[in-house]
Amino acid sequence: MARRYSSVTWTEICAFWGMVIAGFTHFFGGFFRALVKWAFDDGNVARILNRIADICTLLGNIALLVAIALPAYQFVKYKTKGWKVFYWIAFALFLVGVVFGVVLQF
């Protein structure tokens with residue numbers, strides 16, 4: 001039975017939509033890469049499709065970042081300062097990894 005009251009939190013909303021966006025963008029990014037390998041070996045079309053795949057990957061990673069970062073912060077919100085420092089270090093590493101991973105593809 002569906003619930004009739006609204007007890008949805010921002011964490012749940014971000015996690016759900018982050019998963020949806022990341023799923024679609026990773027699927028279509030993979031689709032464009034497969035299309036390049038299958039149909040276009042060289043030329044402008046291959047470059048354009050690879051750029052679209054790179055942008056899809058970036059958008060998917062940003063969506064995952066939002067979907068992961070908010071629930072993770074809810075986990076450490078009431079913990080000691082050490083946990084919060086560890087969270088921000090892990091968040092920064094993830095963010096830098098996403099940025100470097102995408103920038104190196106361009």
Side-chain angles (χ1 to χ4, degrees):
M1 181 178 230
R3 49 183 163 168
R4 297 199 179 266
Y5 55 90
S6 178
S7 65
V8 178
T9 64
W10 280 106
T11 302
E12 293 168 343
I13 292 169
C14 288
F16 174 77
W17 286 109
M19 178 187 67
V20 169
I21 293 168
F24 277 107
T25 57
H26 282 93
F27 174 80
F28 285 112
F31 175 75
F32 288 130
R33 288 191 199 285
L35 188 61
V36 166
K37 284 185 178 182
W38 178 71
F40 309 102
D41 288 335
D42 193 23
N44 289 334
V45 176
R47 255 184 266 121
I48 290 169
L49 289 176
N50 277 330
R51 291 281 185 219
I52 292 171
D54 292 341
I55 290 169
C56 285
T57 301
L58 174 64
L59 292 176
N61 286 336
I62 290 171
L64 284 177
L65 177 67
V66 170
I68 292 170
L70 290 175
Y73 185 74
Q74 293 298 321
F75 174 72
V76 299
K77 187 160 119 178
Y78 299 111
K79 295 197 180 290
T80 62
K81 193 178 218 174
W83 278 100
K84 291 176 187 172
V85 168
F86 184 67
Y87 166 81
W88 286 110
I89 290 170
F91 178 78
L93 285 174
F94 186 80
L95 186 63
V96 168
V98 167
V99 170
F100 278 148
V102 172
V103 167
L104 292 177
Q105 291 177 359
F106 286 107

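Throughout, residue positions are numbered sequentially from 1 according to the sequence presented.
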Going by side-chain contact (heavy atoms from CB on, under 4.5 Å), name the residues that satisfy it together with [X], two or more places apart in sequence or in a different chain.
X	result
Phe16	Met19, Val20
Leu65	Phe91, Phe94, Leu95
Leu93	Ile89

Listing request: all ring pair (Phe, Tyr, Trp, His ring centres under 6.0 Å) pairs with a residue in residues 42-74, at least two apart in sequence or in separate chains. Tyr73-Tyr87
Phe31 and Ile48: same hydrophobic cluster, using ILVMFWY side-chain contacts below 4.5 Å?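 Per the 4.5 Å side-chain linkage, Phe31 and Ile48 are co-clustered.
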If two hydrophobic side chains count as joined below 4.5 Å and joins carry through other members, does Trp88 share a cluster with Ile62?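 Trp88 and Ile62: one cluster.
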Could you grab the distance from atom OH of Tyr78 to atom NZ of Lys84, nearest 0.5 Å is fine? 9.0 Å
Which atom of Ala67 lies closest to which atom of Gly18, heavy atoms considered: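 Of all heavy-atom pairs spanning Ala67 and Gly18, the closest is CB-CA, 3.8 Å.
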For residues 21-28, tabulate all N or O donor-acceptor pairs below 3.5 Å that involve a side-chain atom, not counting sequence neighbours.
residue : atom : partner : partner atom : Å
Thr25   : OG1  : Ile21   : O            : 2.9
Thr25   : OG1  : Ala22   : O            : 3.2
Thr25   : OG1  : Cys56   : O            : 3.4
Thr25   : OG1  : Gly60   : N            : 3.2
His26   : ND1  : Ala22   : O            : 2.8

